[in-house]
Every structure is written in C-alpha cells, then in structure tokens.
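Notes for the one structure printed next.
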Amino acid sequence: MRELVKQLAERMQTLNHLLPILPEEELYIRFECETETAVVAISKHRISPAVEVDERRVLTVRGSKEVLESLLNGRLKLQQQIRLRELHISGSFRHMLLLESLLHLAKPYRYVC
C-alpha cells in the first residue's frame with residue numbers, strides 16, 4: 001500500500017490543475033488497513049509520503065487492503081465505499097471532500113486497446 005500512496009503522490013505532483021484546490025497548510029491523509037499504514041502530506045508546497053504528522057490536520061481512511069488499493073488506483077469512488085461501509089473516515093468533512101476531489105482528478109488514465 002505504501003507503494004500505491006507513493007505513486008498517488010507522484011501522480012499528483014505532475015498535475016498542475018490540482019494546485020488551486022490544494023490547502024496552504026499541510027493536510028495528512030493516513031490510509032490504514034489490517035497490516036499497513038501509509039501517510040501522504042498534501043499542500044500547495046509539497047505532495048509526498050510522510051512519516052511524522054500533525055494530529056490536528058489528519059484525515060484517516062480505514063478499510064481492507066483490497067478496497068484501499070481499488071480506491072488509490074481509481075477503480076472505486078470514496079463516497080460509494082463509505083455508503084457500502086467498506087471504508088471508514090475520521091477527520092473533517094471538508095478534508096474528506098477535498099480527498100474525494102483529489103482522488104477523482106488524479107485518477108490514472110486507462111487506455112482501451
């Protein structure tokens with residue numbers, strides 16, 4: 001999962017259209033599954049995997065490894081999984097909406113041949 005979070009961060013760094021919605025202060029998004037935890041720091045100044053976090057600015061997303069992988073790969077939508085109770089979110093509603101927007105706008109392209 002850490003590799004997927006790293007790939008998400010790298011993808012987001014290359015997408016200039018995300019800049020207007022990124023926060024000034026860092027927001028930490030923690031993805032937790034049964035066996036692993038991965039954190040990404042997001043702001044206008046940097047997007048990168050993180051080790052240390054400011055607990056006041058954390059959005060935690062919990063779920064199974066399979067669901068989190070599908071979310072990070074762009075196959076599943078955050079709100080759908082919350083409604084199906086596949087994912088649990090703790091943090092502010094505003095940060096959850098920001099994450100949902102970022103995941104949608106940074107979805108990897110799928111080419112059909």
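Starting from 1, each residue takes its place in the sequence as its number.
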- Step through the shown structure and confirm whether more than 12 heavy atoms of other residues, nucleotides or ligands are within 6.0 Å of NE2 on His45. yes
- Query: Val40 and Phe31: side-chain contact (heavy atoms from CB on, under 4.5 Å), yes or no, with the steps?
  - Reply: CA-CA 8 Å; Val40 63; Phe31 296 94; 4.2 Å; yes
- With sequence neighbours excluded, residues passing salt bridge (Lys or Arg N to Asp or Glu O under 4.0 Å) with Arg46: Glu26
- Side-chain heavy-atom pair Leu105, Lys107 within 4.5 angstrom cut-off: no
Taking only distance into account, with no hydrogens and no angle test, what donor-acceptor pairs under 3.5 Å do side-chain atoms of residues 78-93 form with protein atoms, sequence neighbours excluded?
residue: Gln80; atom: OE1; partner: Lys77; partner atom: N; Å: 3.4
residue: Ser92; atom: OG; partner: His95; partner atom: N; Å: 3.0
residue: Ser92; atom: OG; partner: His95; partner atom: ND1; Å: 3.0

- Message: Looking at every non-hydrogen atom in both residues, tell me the closest pair between Leu15 and Arg11 and how far apart they are.
- Response: CG-O, 3.2 Å
- Message: Quick check: do Leu102 and Leu22 have side-chain heavy atoms less than 4.5 Å from each other?
- Response: yes
- Task: Apply salt bridge (Lys or Arg N to Asp or Glu O under 4.0 Å) to Glu25 and list each qualifying residue two or more places apart in sequence or on a separate chain.
- Result: Arg57
- Query: Hydrophobic clusters join Ile, Leu, Val, Met, Phe, Trp and Tyr when side-chain heavy atoms are under 4.5 Å apart, directly or via other members; which others share one with Val39?
  - Reply: Tyr28, Val53, Val58
- Message: Could you check whether any side-chain heavy atom of Glu32 comes within less than 4.5 Å of a side-chain heavy atom of Val61, counting everything from C-beta outward?
- Response: no
- Could you give the distance from CG (Leu18) to CD (Gln13), rounded to the nearest 0.5 Å? 11.0 Å
- Around atom NZ of Lys44, are there more than 12 heavy atoms of other residues, nucleotides or ligands at under 6.0 Å? yes
- Message: How long is the straight-line distance from CD of Glu69 back to CG of Asn73, given to the nearest 0.5 Å?
- Response: 7.0 Å
- Which atom of Leu72 lies closest to which atom of Val5, heavy atoms considered: CD1-CG2, 3.9 Å
- Any chance you could lay out the side-chain contact (heavy atoms from CB on, under 4.5 Å) test for Met1 and Cys33, step after step, and finish with the verdict? CA-CA 9 Å; Met1 187 171 50; Cys33 68; 3.7 Å; yes
- Please report the shortest heavy-atom distance between Ala106 and Leu8, naming the atom on each side. CB-CD1, 4.4 Å
- Item | Rounded distance (nearest 0.5 Å) linking atom CG of Leu27 with atom CG of Asp54 | 10.0 Å
- Query: Considering all heavy atoms of both residues, which atom of Gly63 and which atom of Leu68 are nearest to each other, and what is their separation?
  - Reply: O-CD1, 3.8 Å
- Can you tell me how far CG of Leu59 sits from CD1 of Ile29, rounded to the nearest 0.5 angstrom? 6.0 Å
- To the nearest 0.5 Å, tell me how far Met12 CE sits from Leu19 CG. 11.0 Å
- Listed partners of Lys65 passing salt bridge (Lys or Arg N to Asp or Glu O under 4.0 Å), at least two apart: Glu36
- Query: Looking at Ile42 and Pro23, what are the two nearest heavy atoms and their distance?
  - Reply: O-CG, 3.7 Å
- Note on the structure: In short, Ala9 meets Ser48 closest at the heavy-atom pair CB-CA, 4.1 Å
- Results of salt bridge (Lys or Arg N to Asp or Glu O under 4.0 Å) for Glu55 - residues two or more places apart only: Arg30
